[in-house]
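Below is one structure, written out as C-alpha cells; comments come after it.
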Amino acid sequence: MQSAQFLTRGYFEVIGGDTGKQYRIYAGTASNVCEVDERGAPTIGLCFLPQGELPIGDVMLSQKIALERCESRTLEVSRKFVPTGFMFRRNRLLG
C-alpha cells in the first residue's frame with residue numbers, strides 16, 4: 001500500500017508506534033517528514049535522518065521504521081518546523 005501511495009501521491013503515510021499519530025514521508029533526506037491532522041493537513045514538520053551518507057530510499061525507510069518503532073525518541077531528537085506548501089509539494093527536488 002505504501003509503495004502505491006508513494007507512486008500516486010509522492011509520499012507515503014505511517015502511523016506512530018507510540019501515539020498513533022499519522023505522519024507523511026516525502027521523497028528526500030531532510031525536512032521531508034510531517035505530522036498530519038485528521039483532515040490530512042500538515043501540522044508540524046520534522047527533520048531527522050540517520051547518520052552516514054545513505055541513498056534517499058534508505059533514509060526514507062529508516063524514517064519510517066523510526067516512527068513506527070521508537071516514535072517518542074525520534075520526536076525528542078527531531079528538529080521541528082512550520083511546514084509550508086513548497087516543502088511538501090510532489091515536484092520538490094530529491095535530496
Side-chain angles (χ1 to χ4, degrees):
M1 175 171 157
Q2 288 173 332
S3 61
Q5 187 178 44
F6 183 72
L7 288 173
T8 59
R9 297 186 179 185
Y11 61 80
F12 61 91
E13 296 177 339
V14 300
I15 303 298
D18 298 330
T19 66
K21 291 181 181 180
Q22 187 170 338
Y23 300 92
R24 283 191 188 146
I25 300 176
Y26 291 80
T29 58
S31 301
N32 64 311
V33 179
C34 66
E35 180 183 321
V36 295
D37 64 18
E38 59 280 345
R39 298 180 331 248
T43 57
I44 299 171
L46 302 170
C47 183
F48 65 96
L49 59 150
Q51 292 183 345
E53 294 185 33
L54 298 173
I56 291 171
D58 291 350
V59 171
M60 294 168 63
L61 177 59
S62 70
Q63 291 168 328
K64 167 189 161 49
I65 293 169
L67 288 167
E68 291 175 337
R69 307 287 274 164
C70 51
E71 178 188 13
S72 295
R73 179 66 181 132
T74 300
L75 295 176
E76 286 177 17
V77 301
S78 296
R79 292 187 182 205
K80 281 86 171 163
F81 60 92
V82 177
T84 66
F86 171 77
M87 296 178 119
F88 297 115
R89 285 196 320 226
R90 184 182 172 110
N91 61 353
R92 177 179 183 235
L93 295 175
L94 296 181

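Quantities reported herein were computed from a predicted structural model and do not represent experimental measurements.
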Exercise. About how many Å separate NZ of Lys80 and CG of Leu46, when rounded to the nearest 0.5 Å?
Worked result: 6.5 Å

For this session: Identify the two heavy atoms, one from Ile15 and one from Glu68, that lie closest to each other, and give their separation to 0.1 Å.
Result: O-CG, 3.7 Å

Exercise. Do the non-hydrogen side-chain atoms of Val59 and Pro50 ever get within less than 4.5 Å of each other?
Worked result: yes

For this session: For the pair Tyr23 and Glu71, evaluate side chain to side chain donor-acceptor pair (under 3.5 Å) and give the outcome as yes or no after the intermediate values.
Result: CA-CA 11 Å; Tyr23 300 92; Glu71 178 188 13; 2.5 Å; yes

Seminar exercise, completed: Value for CG (Asp18) from CG (Leu67), rounded to nearest 0.5 Å, stands at 10.0 Å

Exercise. Are Ile56 and Phe12 grouped together when hydrophobic residues (ILVMFWY) are joined by side-chain heavy atoms under 4.5 angstrom apart?
Worked result: yes

Exercise. For Pro42 and Cys34, which heavy atoms make the closest approach, and how far apart are they?
Worked result: CB-SG, 3.9 Å

Seminar exercise, completed: Looking only at heavy atoms, the pair that brings Phe81 and Cys47 closest together is CE2-N, 4.0 Å

Exercise. How long is the span from the CD atom in Gln2 to the CZ atom in Arg9, to the nearest 0.5 Å?
Worked result: 12.5 Å

Problem set entry | Glu76 CD: over 12 foreign heavy atoms closer than 6.0 Å | yes

Exercise. Does any N or O in the side chain of Ser78 come within less than 3.5 Å of the main-chain N or O of Phe48, such that one atom is a donor and the other an acceptor?
Worked result: no

For this session: Spell out, as yes or no, whether a donor-acceptor pair under 3.5 Å connects the side chain of Gln22 to the backbone of Gly40.
Result: no

Problem set entry | Joint hydrophobic cluster, Val36 plus Val33, side-chain heavy atoms closer than 4.5 Å | no

Exercise. Can you tell me if Gln5 uses its side chain to pair, donor with acceptor, with the backbone of Glu13 under 3.5 Å?
Worked result: yes

Exercise. Roughly how far apart are Leu49 CG and Gln51 CD, rounded to 0.5 Å?
Worked result: 9.0 Å

For this session: Might you point out which heavy atoms bring Tyr26 and Met60 nearest each other, and give the distance in Å?
Result: O-CE, 3.8 Å

